[in-house]
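Each remark here refers to the structure printed beneath this line.
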Amino acid sequence: MSTVSTPAPQFALVDVNNFYVSCERAFKPRLEGIPMVVLSNNDGCAVARSNEVKALGVKMGTPWFKMKDLAREHRIQAFSSNYTLYGDMSNRVVQILRDFSPDTEVYSIDESFLRIETVAHLYGGAIAMGQQMRERIKQWTGLPVCVGVGPTKTLAKFANHLAKKNPEFEGVCDLHAIPRPDRVRWMSGIEVGEVWGVGGRIARRLEVMGIHTVLELRNASPKEMRRHFGVVMERTCNELRGISCLALDDIVQPKQQIMSSRSFGRPVETIEELRESLASYLSRAAAKLRTQQSVSAAVYVFIQTNRFNKDEQYNAGLTVPMPEPTDNTLTLTAAALAGLEVIYRSGYRYKKAGVMLTLLSDKQARQMSIFDHAAVTQRSTQLMTALDMINRDYGHGTVRSGASGFTQRWAMRNQNRSPRYTTRWDELPIVY
DNA sequence: TCTGGGGTCCTAGGACCC
DNA sequence: TCTGGGGTCCTAGGACCC
């Protein structure tokens, strides 16, 4: 009989408050306290809002043109998104977190899960550990984070929500440290739609069943949840009860599909411009494909008109199988453009186009086709490696296929992007 | 004039096989 | 006249996430 008891799992969820907004503020402290938003690609929607803007009732995803009046009235500052900067800041936060616990899952650009049950005591417990994470991340990157701790991922998310919304937690909430009656009170005060895994659709159906709050979902029967909504909801329900069903995904799995698409800065009608844009998206997707050392056996290409317009709509997509899996930008581009020829119809004003690489597999393990030619494959790999190196060192798009065009009049709008402070020598911040 | 982009997992139902 | 049923694989679509 073993006398060694494994400690119960303890998950921490660390997320950066208003991540994109906070990244901008880290380099322009004068923006602190000023209402501001960061806009999606094409300066379309607000995808990050400062607390001041949230207080004005602006919802996530509000189109910028719809809030212009409000913006004028309250002097809301708007920034175009600067993904190079955000990606780099995100990596810095993850580096810091890995020092606290090696069992770290990077869940999204601004959130990580950590398993902390074996290390929390080194810092004086979960709450003290959370406070030290906050301090170090603030000091080293300038970013504010909140920490939620619980026995399951779903409860850690819930705790994080409490930490974010309620100042009395001082940015760190450990559910275990909250007395039971208080936990019940917190759970009964928050809408069921806030639970991780419960989206708008399911929340509405739950409401009809009389389940309105987190507590009511926690107290529902998991079996019944499964009957109505499937295994995902059964798991969510169990996780709320403290039964851990979702493990930490600390090993990064290669993506199963890689997408690149954009809305155009203005309507596009000609096939020439669609060709250019698709070639340019494809080179991004293929570069990502090579980064994860995969090859793709099929390219999906699609074009769409503006669904918000009253014009006649045309949406089309086509999957083009590759004769053999490849990571070569030029081969994949040829396939995508062949697909475009099939689906293109003239006479429409296109708003968006994109490509998706699918049927991905590991490049090393790939089956050689009988037509495969070692020398050809090797030349292709060398060419792509050189391309990736140049674009890495001199900025993406430095070397690209001629098919992607030179003027790129279809390119997205991006009117107010901040400098890429941390990744470009010529855009370094200057301190006077 | 202006409305993002990139993912995952699950399930139902059809195709196909024996 | 009688015209099965179960298993597996694949795909499309729905739901969710940030």
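Every chain is numbered from 1, with letters handed out A, B, ... down the list of sequences.
- Side-chain proximity of Asn41(A) to the nucleotides dG6(B), dG4(B), dC2(B) is greatest for dG4(B).
- For Val231(A), the side-chain atoms get nearest to dC10(B) when compared with the rest of dC10(B), dT3(B), dC18(C).
- For Lys351(A), taking side-chain heavy atoms from C-beta onward, the closest of the listed nucleotides dT3(B), dC16(C), dG6(B) is dT3(B).
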Would Arg227(A) and Glu234(A) satisfy salt bridge (charged side-chain N to carboxylate O under 4.0 Å, His left out), going step by step from the backbone distance to the final call?
-> CA-CA 9 Å; Arg227(A) 259 215 340 272; Glu234(A) 181 188 31; over 6 Å; no
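- Checking the phosphate oxygens (OP1, OP2) of dC17(C), no side-chain nitrogen or oxygen of Lys153(A) falls inside 4.0 Å.
- When distances run from any side-chain atom of Val232(A) to the nucleotides dG5(B), dC10(B), dT8(B), the shortest one goes to dC10(B).
- Considering only side-chain N and O atoms, Gln253(A) lies nowhere under 4.0 angstrom from the phosphate OP1 or OP2 of dG7(B).
- Dashed line: the shortest gap from a side-chain N or O of Arg235(A) to OP1 or OP2 of dC9(B) is not under 4.0 Å.
- In this structure, Gly200(A) reaches the sugar-phosphate backbone alone: every heavy-atom distance under 4.0 Å involves primed, P, OP1 or OP2 atoms, never a base.
- Between Ser81(A) and the phosphate of dG4(B), there is no side-chain N or O to OP1/OP2 separation shorter than 4.0 Å.
- The residue Phe229(A) sits apart from the nucleic acid: no heavy atom pair falls under 4.0 Å.
- Nearest nucleotide to the side chain of Ser261(A), out of dG7(B), dG5(B), dG4(B): dG5(B).
- For the pair Ile258(A) and Phe65(A), nearest-nucleotide mapping onto DNA chain B gives the more 5' position to Phe65(A).
- Looking at the side chain of Lys352(A), the nearest of the listed nucleotides dG5(B), dC18(C), dT3(B) is dG5(B).
- When heavy atoms are screened at a 4.0 angstrom cut-off, Asp110(A) is found touching the sugar-phosphate backbone but no base atom.
- Residue Lys288(A) places no side-chain N or O under 4.0 Å from the OP1 or OP2 atom of dG5(B).
- Residue Arg284(A) has no polar side-chain atom (N or O) positioned under 4.0 Å from OP1 or OP2 of dG6(B).
- Nearest nucleotide to the Trp196(A) side chain, out of dT8(B), dC10(B), dC17(C): dC17(C).
- At least one cation-pi condition fails for Lys351(A) and Phe264(A): the charged atom is not both under 6.0 angstrom from the six-membered ring centre and inside a 45 degree cone around its axis.
- Checking dG5(B), dG4(B), dC18(C) against the side-chain heavy atoms of Arg262(A) singles out dG5(B) as nearest.
- Look at Arg115(A) and Glu117(A) and you find a salt bridge, because one of the NZ, NE, NH1 or NH2 atoms lies within 4.0 Å of a carboxylate O, short of that distance.
- For the residue pair Asn328(A) / Ser380(A), a side-chain donor-acceptor distance below 3.5 Å is found, with atom types taken as modelled.
- For the atom pair Ser283(A) OG and Leu289(A) CG, the distance stands at 12.5 Å (nearest 0.5 Å).
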